[in-house]
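A quick write-up on the structure given underneath.
Note that the coordinates shown come from a computational prediction; the quantities given were computed from them, not determined experimentally. Chain letters run A, B, ... following the sequence lines, proteins first and then strands; every chain starts at 1.
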2 protein chains.
Amino acid sequence: MFRMSATTYQQAQREGQDVVRAAILDAATHLLITEGPASLTVRRISAEVGCSTKVIYTLFGGKDGLSEALWLEGFARFERRLLAAPPGPDAMTHLRAGIDAYRSYALDQPDYYRVMFQGGVPGFTPSPAARQEAKRSFDLLVAGVRRCLAHGLLHGGSDAEIADVLWMAMHGAVSLELAGFFDRAEGEQRYRLLCASVLSPFLTGDVPDARCS
Amino acid sequence: MFRMSATTYQQAQREGQDVVRAAILDAATHLLITEGPASLTVRRISAEVGCSTKVIYTLFGGKDGLSEALWLEGFARFERRLLAAPPGPDAMTHLRAGIDAYRSYALDQPDYYRVMFQGGVPGFTPSPAARQEAKRSFDLLVAGVRRCLAHGLLHGGSDAEIADVLWMAMHGAVSLELAGFFDRAEGEQRYRLLCASVLSPFLTGDVPDARCS
DNA sequence: AAGAGTGGGTAACAGTGTTACCGGACAGAA
DNA sequence: TTCTGTCCGGTAACACTGTTACCCACTCTT
């Protein structure tokens, strides 16, 4: 049954659709990076690709669908960027490289970062499924922390706990810097100080009580 | 010359304008809190107040002007909220109360917090002047840190440095929680752990090197 | 080759920020 | 008092936005 339904035509069409889908996502990405989120209109993107607006609705189901695809694309790029961080001689150096890569990505692609973490596309909020999918790219950070725990370089907390607070710290610093509250030099100095401060209790294992003491 | 220009009529008119201005801001605030940022349209706000859209343009110079006024209003409310934090027996308790008040405000008024820190109003970015004005409300935190430094409860950093990293940490945690990456219980636990971790190096004075060691 | 079904272009809808136009209300002058 | 000028504000339009009903052409089936 299903063998027959997979005719060459349908395959070609499906392949064609995927190609068109990728082209639209590429165009949207290009627009976002070069002209900012304000240029992300259905008409503008379809004009860039050379199709009508209808195609975006059939392929993505509307602007929200396209926004969600773009959102996930941002996390995929983020993941590739974090994976490219040099492992270094030990687990802690690797983790620090990842921490540097985090800020580096946010500053290189500020609009993408805003889309991912600050609702950069006006009316869009990701679906719970997409959010869970996105949080998966955060597993890289958890793995980095876990390696440090395994090698005895960190103590006093679970991998998820430490990774969470580290993520919160990185995001907070980068987010305020992108919002214009700190200039580049200030941002970098504060970013390093913050990340070091957050990690320092887990270096000695002398972790403070969670009741904010 | 200038004495004459300040006629009673102009004064009355200006007073009237201030009243209308406040009414518009109130209506916008009410809409933001009760129906979210999507309801913040010029037509909707003017309908709520009972005037035409033109008034908003003469009084605020456009939606950006109104957004900026709303933005600053958010910081004013934030400041009042932080000022209401109980001083407690010592400077450190006071600072912790402020830390609690920060998250409490963000969770009570998530849309306002998004407007202030996450570009909640679509096309709007605050002017540098407004941003500086807003950062002034952050002086409360600096003052709280300074009191702790003066009483020898914190060491190893300047008031601005410690306040900055604390702000980054609080904002990062709250921001990710508002974005839906953590639920309420998780958010609270991580928030406390993060703030405690950030402060802990400055409790002992054993501050890590800023080169992220 | 005729029929059926689907994808995509056109053009319209409602709603957005913004502004040109014009009317009317108020001030001061004759 | 009446006339004139100035300025505030309502109406209605403009150029946008996301979205969709309609229709055509093109494909596969029979």
Side-chain angles (χ1 to χ4, degrees), chain A residues 1-21 23-24 27-28 31-32 35-70 119-125, chain B residues 1-21 23-24 27-28 31-32 35-70 119-125:
Chain A
M1 294 296 187
F2 286 105
R3 244 193 254 158
M4 281 200 59
S5 70
T7 64
T8 52
Y9 161 71
Q10 285 181 353
Q11 280 186 1
Q13 189 155 53
R14 204 186 305 162
E15 281 180 9
Q17 281 196 351
D18 282 358
V19 171
V20 176
R21 230 186 107 95
I24 291 175
L31 274 176
L32 175 62
E35 302 189 27
S39 65
L40 285 181
T41 72
V42 177
R43 282 177 176 81
R44 182 71 201 280
I45 296 169
S46 58
E48 213 77 12
V49 176
C51 63
S52 86
T53 62
K54 189 75 190 309
V55 181
I56 291 182
Y57 286 86
T58 60
L59 290 183
F60 295 91
K63 200 193 178 183
D64 273 18
L66 192 150
S67 300
E68 189 156 296
L70 199 64
V121 179
F124 166 70
T125 31
Chain B
M1 295 296 186
F2 286 106
R3 245 193 254 159
M4 281 199 58
S5 69
T7 64
T8 52
Y9 161 70
Q10 285 180 353
Q11 280 187 2
Q13 190 154 53
R14 204 187 305 161
E15 279 181 10
Q17 281 195 350
D18 281 359
V19 172
V20 176
R21 229 186 108 96
I24 291 175
L31 275 177
L32 174 62
E35 303 189 29
S39 65
L40 284 181
T41 71
V42 176
R43 281 177 177 81
R44 183 72 201 280
I45 296 169
S46 58
E48 213 77 12
V49 176
C51 63
S52 88
T53 62
K54 189 72 192 307
V55 181
I56 291 181
Y57 285 86
T58 59
L59 290 183
F60 294 92
K63 200 195 179 184
D64 272 18
L66 192 150
S67 301
E68 188 156 296
L70 200 63
V121 179
F124 166 70
T125 30

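Atom CD in A:E68 sits roughly 17 Å away from atom P in D:dG18 (whole-Å rounding). Rounded to whole angstrom, the span from the CD1 atom of A:I56 across to the P atom of D:dT17 amounts to 12 Å. Distance B:Y57 OH to C:dA20 P: 12 Å, rounded to the nearest Å. If you measure from atom CD1 of A:I45 to atom P of D:dT19, you get 11 Å, rounded to the nearest angstrom. Across the protein-nucleic acid pair, A:D64 atom CG and D:dT19 atom C1' stand 12 Å apart, rounded to whole Å. Counting to the nearest Å, the C1' atom of D:dG9 and the CZ atom of B:R21 are 17 Å from each other.
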Would you tabulate the pairs of protein nitrogen or oxygen atoms and nucleotide nitrogen or oxygen atoms of nucleotides 10-16 of chain C closer than 3.5 angstrom?
residue	atom	partner	partner atom	Å
C:dA12	N6	A:R43	NH2	3.2

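When all heavy atoms are compared, the tightest approach of B:G120 to B:P37 is O-CB, 3.6 Å.
Rounding to the nearest 0.5 Å gives a distance of 10.5 Å between CG of B:L40 and CD of B:E48. Here the CG atom belonging to B:L66 is positioned 5.0 Å from the CD1 atom belonging to B:I45, to the nearest 0.5 angstrom.
Applying the 4.0 Å criterion to OP1 and OP2 of D:dG9, one finds that B:T58 has a side-chain N or O inside that range.
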Apply side chain to side chain contact (heavy atoms under 4.5 Å, CB included) to residues A:V49 and A:V55 and explain how you reach the verdict. CA-CA 10 Å; A:V49 176; A:V55 181; over 6 Å; no
Go through it in stages, so that I can follow the logic: the residues are B:S46 and B:C51, the test is side chain to side chain contact (heavy atoms under 4.5 Å, CB included), and I'd like the CA-CA distance, side-chain angles, deciding distance and then a yes or no. CA-CA 5 Å; B:S46 58; B:C51 63; 4.1 Å; yes
Given the rule in the side chain to side chain contact (heavy atoms under 4.5 Å, CB included) test, do A:F60 and A:R21 qualify, once you have shown the distances and angles that lead to the verdict? CA-CA 8 Å; A:F60 295 91; A:R21 230 186 107 95; 3.6 Å; yes
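Nucleic acid contact class of B:G123 (heavy atoms, under 4.0 Å, all strands): none.
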